[in-house]
There are 2 protein chains.
Amino acid sequence: MLRALGEGEWGPGAMIPSEADLAARFGVSQGTVRKAIDEMAAENLLVRRQGKGTFVATHNDPRAFYRFLRLASNDGSVRPTRSVPLSCRHVAATEAVAQALRLQAGDAVVTLERTLNFAGENGEHVVLDEIFLPGDIFGSLTLERLQQEERSLYSVFESWFGVRMIRAEERLRAIPANAHAAALLVVPEGAPLLLVERITYTYGDRPVEWRRGFYNTEHYHYFNELS
Amino acid sequence: MLRALGEGEWGPGAMIPSEADLAARFGVSQGTVRKAIDEMAAENLLVRRQGKGTFVATHNDPRAFYRFLRLASNDGSVRPTRSVPLSCRHVAATEAVAQALRLQAGDAVVTLERTLNFAGENGEHVVLDEIFLPGDIFGSLTLERLQQEERSLYSVFESWFGVRMIRAEERLRAIPANAHAAALLVVPEGAPLLLVERITYTYGDRPVEWRRGFYNTEHYHYFNELS
DNA sequence: AAGTGGTCTAGACCACTCG
DNA sequence: GAGTGGTCTAGACCACTTA
């Protein structure tokens, strides 16, 4: 019911009409609108704020900056992260990339490399990300533009390309570090790394990002809640 | 409101009173009861079944047998698992165990080792679990009794000790296989393994299990949904 | 004070299950 | 057909935010 509207009518961060207005517009009662909004809020599509209104979820909100980052320090300390872009190239999709992004092999793809840094005594690089994005949307991405950004990648993607990341699926494995990752993460070649493969979806379950993250889990870990 | 009741009044798998009965009992309307039940169902404490009733969640239900197991085959195939108990010893809690289970170092603890097997061509052992349980609850656990069981561990714990696992926190790291794990999982010593540390909680956020799972992620992976 | 979401009510009707 | 959860209504009142 409201899903179709959520896809275009109100931009990220915008306030949607009040429950009473929506009820009148759709010819249902306020309680019904309320329930629909509740469901979308449970899916992190909307954010309610009492006394203010209901807003379209956005990665530009500091509260949601690291919504998809499940990394925490082993000793419980919380440090700010910094993303360091390394490369940004325009290539043709390999079979694997095409399958993940539901493209044809050979289609235009933007591939991006970056490390995640945690501030602190040693300031080590903890994550190396290889990111693949469909070229038809992200074709104008360049390393220079990224290097001038302080915000999170998803925040940038949202501002520049209007792509809101809604949900993601991750697959985790333990693998030996290859030479490239070992050099960037400053670990011996062959050292165990946590490989986090992520496919990120936007509205309509369209995959818009494939990401392979190499995590050095010596001082950090991936956390998860099960219920 | 209903939480206090959920802790003892109705057993696992039992049907709770109808929404109308509960409304009368607490002097609120059916809609309010409904909302409370909705919230508990969202936390997997209750299970609703239209036309039948609302039931207390249980690990004995086939639908929930592997609620906490986030392991899937890389090729998408689904195979039944088999748990092979290896040892069951009564020991004194080390510092690490005591902290995880909120006990004092030296308190009685039951430690259990088992592998998880996936049926199939090769029938390999994919997971080695080291499980630590508070001795005051699980003191009567023995290897012999476990070996005669076909059900999941949590299902057994629920039947034998009345302990329902409600939620869990997991921390994941990549580590090199030690000699013990390498032998049981049939991988070279030092091969990368996924270490999944889990603390499992029962009602009242009481930790009742600490588990260290060593996952061989060559043909399987840990999956997760982010939203 | 006006507008927002948050909670609750009392009742209606529907969809599903089972004897 | 009786009993269950599933959905919806129209309205009341409360808590929070902002001007």
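Only this structure's heavy atoms are used, side chains among them; waters, hydrogens and symmetry mates stay out. All chains are named by letter (A, B, ...) in the order of the sequence lines, taking the proteins before the strands, and each is independently numbered beginning at 1.
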Length of the CD-P vector between A:E39 and C:dG5, whole Å: 17 Å

Separation of D:dC16 P from A:F55 CZ (nearest whole Å): 17 Å

Phosphate-side-chain proximity, B:K52 and D:dG3, N/O vs OP1/OP2 below 4.0 Å: no

Protein-nucleotide distance (B:I37, atom CD1; C:dC8, atom P), rounded to Å: 14 Å

Using whole Å, what does the distance between atom P of nucleotide D:dT9 and atom CD of A:E19 come to? 13 Å

Send over the distance from B:F26 CZ to C:dT9 P, rounded to a whole Å. 13 Å

Find the distance A:M40:CE to C:dG5:C1' and express it as a whole number of Å. 15 Å

Return the 5'-most residue of the pair B:M15, B:R34 with respect to DNA chain D, ranking by each residue's nearest nucleotide. B:M15

So does B:S155 get a backbone contact from the side chain of B:S152, meaning a donor-acceptor N/O pair under 3.5 Å? yes

To the nearest Å, how far apart are A:D38 CG and D:dT7 P? 13 Å

Assess the pair B:Y220 and B:Y215: is the distance between their ring centroids shorter than 6.0 Å? no

Side-chain N or O of A:T32 less than 4.0 angstrom from OP1 or OP2 on D:dC8? no

What nucleotide, of D:dT9, C:dC8, D:dG5, holds the atom closest to the side chain of B:S29? C:dC8

Tell me: CD of A:Q50 to C1' of C:dT7, nearest whole Å? 10 Å

Ionic contact status for B:E197 with B:R171, cut-off 4.0 Å: no

Could you tell me whether A:E218 and B:R173 make a salt bridge, using a distance below 4.0 angstrom between a side-chain N and a carboxylate O? no

Of A:E209, A:R164, A:H59, the one forming a side-chain hydrogen bond (donor to acceptor under 3.5 Å, both in side chains) with A:Y154 is A:E209

Of the candidates D:dG6, C:dG5, D:dT4, the side chain of B:R48 sits closest to D:dG6

Side-chain N or O of A:R49 versus OP1/OP2 of D:dC16: is the shortest distance under 4.0 Å? no

Can you tell which of D:dT9, C:dT7, D:dG5 lies closest to the side chain of A:Q30? C:dT7

